[in-house]
**Q** 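Below: one structure in structure tokens.
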Amino acid sequence: MGKILLEMKNITKTFPGVKALDNVNLQVEEGEIHALVGENGAGKSTLMNVLSGIYPYGSYEGDIIYDGQVCEFHKITDSEKKGIVIIHQELALVPQMSIGENMFLGNERGKKNAINWNETYGEADKYLKMVGLSESSRVLIKDIGTGKQQLVEIAKALAKHARLLILDEPTSSLNETDSRALLDLMLEFKKQGMTMIIISHKLNEVVYVADKITVVRDGSTVETLDCHTEEISEPRIIKGMVGREFTDRFPKRSGVEIGEINMEVDNWTVYHPVYAERQVVKNVSMNVRKGEVVGIYGLMGAGRTELAMSIFGKSYGTGISGTLKLNGKPVTLKNPREAINAKLAYVTEDRKGNGLVLSNSIRVNTTLANMGDVCDRGIIDTDKEYQVATEYKDKLKTKTPSVDQSVGNLSGGNQQKVLLAKWMFTNPDILILDEPTRGIDVGAKYEIYCIINDLVAAGKSVVMISSELPEVIGMSDRIYIMNEGEFVGEMKASEATQENIMACILQSGRGE
Amino acid sequence: MNLKVMDILKKYTMVFALILVTIFFYWQTSGKILLPQNINNLISQNAYVFVLSAGMLLCILTGGNIDLAVGSVVCFVGGIGAVMMDKSLNVWFAVVVMIIGGLLVGAWQGFWIAYIKVPPFIATLAGMYAFRGLANVVLQGHAVGIRNTTFLKVFGGGDECYVPDFFGGSGLNTTCMIAGIAIVLVYIIMVVIQRLDAKSKGYNVTPLGQELAKIVVISAVVIWIFYKLANYKGIPAAAVWIAAVLIIYAYITTRTTMGRYLYAVGGNEKATRLSGIDPRKVYFFAYVNMGLMAGLAGILVAARQVGAQPTFGQGYEMDAIAACFIGGASAYGGEGSVFGMIIGAVLMGVINMGMSIMGIEANYQKVVKGIVVLIAIIFDVLSNKKKK
């Protein structure tokens with residue numbers, strides 16, 4: 001047993017209304033690679049943010065003991081001074097600046113008012129060599145690929161004299177070869193005595209590099225597996241990740257008849273809007289029937305949202321190809337307006353960013369996508385608008401004193417209901433719900449599920465995108481499984497289990 | 001109760017600021033600021049601010065976007081009109097050309113901003129230079145006077161730019177007084193009808209006491225202003241134009257779908273786009289409309305100054321922007337109202353006039369104006385922060 005470098009003791013962190021971390025304990029030995037695994041929203045990133053001081057000391061309970069000392073980090077620089085450096089999932093580099101400038105951003109070489117460029121680029125080149133990059137540090141970030149950018153992030157961390165390196169999903173935007181190179185680099189660093197924590201969804205990578213694996217579930221640590229004393233397989237990890245009990249979390253749906261095919265998508269391919277050579281959705285084919293709830297399961301970044309938005313009036317992506325048929329007829333929807341007119345609705349996963357106008361009232365938000373029904377030649381019938389908003393408020397049990405309340409003041413669950421009301425008011429036949437229960441509490445979740453059941457009972461079709469396995473299995477009639485832009489499986493909900501869905505994803509990952 | 005008082009104070013902060021500032025100047029100028037003639041001047045001199053602010057407000061609503069070119073456009077349009085009338089062309093023809101000129105300028109800028117995504121600051125900065133230059137070309141660098149009396153009378157310039165007193169008589173202007181009373185009556189009737197209607201449908205209504213207080217205050221202010229005007233020369237022609245513009249824009253922003261879209265785009269452009277609304281059309285509308293208002297302002301300014309000259313309208317864009325921001329429009333878009341903008345414009349007007357009467361040097365006046373704008377924006381930023 002080596003020396004314990006980091007110990008996090010009884011960490012509890014609450015956000016308004018949600019307990020994100022509940023008595024979490026984590027021990028990391030010096031010189032090991034420690035993996036944190038768990039589902040989306042389990043609390044891995046929150047835990048790392050507590051450690052690095054993004055959530056300052058005092059905003060959580062519990063102790064951080066690092067190198068034998070109890071630490072109180074108030075900001076990121078506090079933890080960096082101690083050698084704890086975090087590399088976030090989204091790259092934090094300025095594209096227009098050179099590699100060297102980026103590496104020492106906020107940590108400039110030389111004197112305060114006179115940057116020493118020779119030292120900057122000289123030092124930068126030294127660290128670049130350590131991560132195996134042959135580029136000159138004067139090259140601009142935007143001129144190198146994402147794989148190399150990720151390596152620059154690591155070089156940047158090394159330049160801060162990291163002792164404990166935290167990598168949050170370091171390979172999520174990398175291809176197979178770049179990922180492997182990165183993992184090998186991690187093993188190389190380990191030989192030199194560096195301690196690392198890696199957060200990853202890709203369990204094969206975790207098994208490849210990790211010495212110990214800690215499983216986080218619902219804001220608490222479930223178990224820590226030691227890869228050297230026992231044989232660790234991926235199914236063993238999955239069991240820890242999803243092994244929760246759930247009964248009656250989903251309302252029963254009965255007597256809903258599943259009818260004709262309503263929407264059909266064939267060979268749907270979408271490219272990234274900025275990096276036009278990158279395929280985000282690859283050859284996806286799917287169909288939805290009347291009265292059916294179709295689940296699309298996939299981890300974050302699998303291309304689910306991109307698929308949905310590209311179907312909804314090409315509101316995402318470029319070079320979209322494939323056919324879309326509604327009620328058997330091929331259609332092209334050029335913009336969201338045409339999609340709405342074709343009785344399609346897309347309820348976004350990002351209700352604050354893409355869904356609601358937070359500064360406006362419930363009334364205004366409810367009618368925004370279908371103003372035609374509450375106005376006459378461009379003049380709004382406020383009375384009718386009021387009635388409509390009130391009707392939906394009652395129907396969906398939105399908790400608010402009045403529909404003139406500004407949406408920004410509502411809780412997440414109630415905001416979600418307003419967003420649903422907005423799209424139900426457009427009277428769609430097919431609703432695509434993207435993470436309809438993200439970030440809302442259990443009670444509100446149940447109510448959203450009931451709304452979904454009512455929708456299909458009324459003969460509508462629902463496509464539910466979710467990264468919560470129990471939800472997908474509990475609510476869907478049929479499930480598509482998506483991974484890295486592709487559909488990698490389809491199964492009836494009655495045949496689906498958490499294990500075989502995860503197995504589907506793992507197999508596809510290995511196939512490459 | 002305490003909380004309610006705080007809410008009202010917060011909602012009408014600028015109204016209270018206006019009252020305090022007025023009281024301050026009343027005291028400092030020993031009452032001169034509220035003389036009938038000064039009330040009259042406050043309206044006539046600031047006609048362009050009200051009109052331009054109405055246009056500017058719509059741009060600001062779409063996301064804090066501003067139009068720096070309006071001062072130049074006012075000069076350009078005024079110049080075209082002055083030259084046309086100088087050549088003895090038909091006055092109404094000249095007016096139509098001026099309006100269309102404003103619209104075309106708006107469409108020009110709106111196109112670049114909405115469809116090519118040129119940042120509004122840059123697009124309108126370019127317009128500021130270009131239209132100032134064109135105005136000079138049109139005027140050939142000289143001041144051109146307007147002698148057409150119809151034009152001056154209708155748009156509030158020259159000596160007789162008042163709504164005529166149909167009842168004649170000396171002393172108090174009867175028409176003016178009757179107009180004031182009529183406006184109050186129409187206002188009260190509208191409030192009552194709306195209240196009854198809302199009640200019959202079971203909607204929430206503002207508490208009776210609060211509503212009554214509001215009616216009394218507004219009626220008293222209106223009657224008081226008209227009484228002052230009646231004691232001078234009656235209703236200035238410019239006031240009719242201002243009133244028309246403000247009423248129309250209050251309606252557009254609160255009751256039409258386009259008005260709704262302006263707020264929605266400013267509040268969350270992505271959500272608006274996904275709701276099937278084309279934000280480009282909304283931006284285009286805002287700037288075309290700004291052009292229209294700049295055209296109308298050009299007409300009013302040309303009439304008031306009885307002509308046009310190449311330096312006209314300098315800094316007008318800043319007055320309009322300041323009025324909107326002082327009136328509570330958010331610098332990030334999505335928030336603001338015509339009522340607030342009126343208060344902002346009046347506040348600026350009162351400060352200008354008060355300082356002039358007190359004989360404060362023009363340079364210091366600018367310093368004070370600058371500080372007022374800054375305070376208003378700080379207030380906006382801080383109150384937004386608290387919300388989050």
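If you're wondering where the values come from, they're calculated on a predicted model, not measured in any experiment. Here is how names work: the chains are called A, B, and so on, in the same order as the sequence lines, proteins then strands, and each is numbered from 1.
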**Q** Could you look at B/D278 and say if it's the side chain, the backbone, both or neither that has a heavy atom under 4.5 Å from chain A?
**A** neither

**Q** Looking at CD1 of B/I277 and CZ of A/R337, how far apart are the two atoms once the value is rounded to the nearest 0.5 Å?
**A** 7.0 Å

**Q** Select all residues of residues 354-361 of chain A having any heavy atom within less than 4.5 Å of some heavy atom of chain B, and report them by number, or 'none'.
**A**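 The stretch touches chain B at A/N354, A/G355, A/L356, A/V357, A/S359, A/N360.
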
**Q** Give the minimum heavy-atom separation between A/L368 and B/S275, together with the two atoms involved.
**A**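 Smallest heavy-atom distance, with atoms named: CD2-OG, 3.9 Å.
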
**Q** Given heavy-atom pairs under 4.5 angstrom as the criterion, report whether the side chain, backbone, both or neither of A/T367 touches chain B.
**A**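 Just its side chain gets close to chain B.
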
**Q** If we only count heavy atoms from C-beta on, is the A/I379 to B/T257 side-chain gap below 4.5 Å?
**A** no

**Q** Donor-acceptor pair, B/R255 side chain versus A/I380 backbone, under 3.5 Å?
**A** yes

**Q** Answer yes or no: is there a side-chain heavy-atom contact under 4.5 Å between B/T254 and A/T382?
**A** no

**Q** Is there side-chain contact between A/M309 and B/L274, with at least one heavy-atom pair below 4.5 Å?
**A**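 Result yes, sub-4.5 Å side-chain heavy-atom pair found.
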
**Q** Mind checking the CG-CZ spacing from A/N335 to B/R273? Nearest 0.5 Å is all I need.
**A** 10.0 Å

**Q** Look at A/C375, A/A345, A/G353 and state which one has the largest set of heavy-atom pairs under 4.5 Å with chain B.
**A** A/G353

**Q** Does B/R260 pair with A/E385 as a salt bridge, N-O distance under 4.0 Å?
**A**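 Salt bridge present between B/R260 and A/E385.
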
**Q** Side-chain contact test, heavy atoms from C-beta onward, threshold under 4.5 Å: evaluate it for A/V364 versus B/Y263 and give yes or no.
**A** no

**Q** Taking side chain as everything from C-beta outward and backbone as N, CA, C, O, which of these in A/D383 sits under 4.5 Å from a heavy atom of chain B? Side chain, backbone, both or neither.
**A**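 Contact with chain B: backbone and side chain both.
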
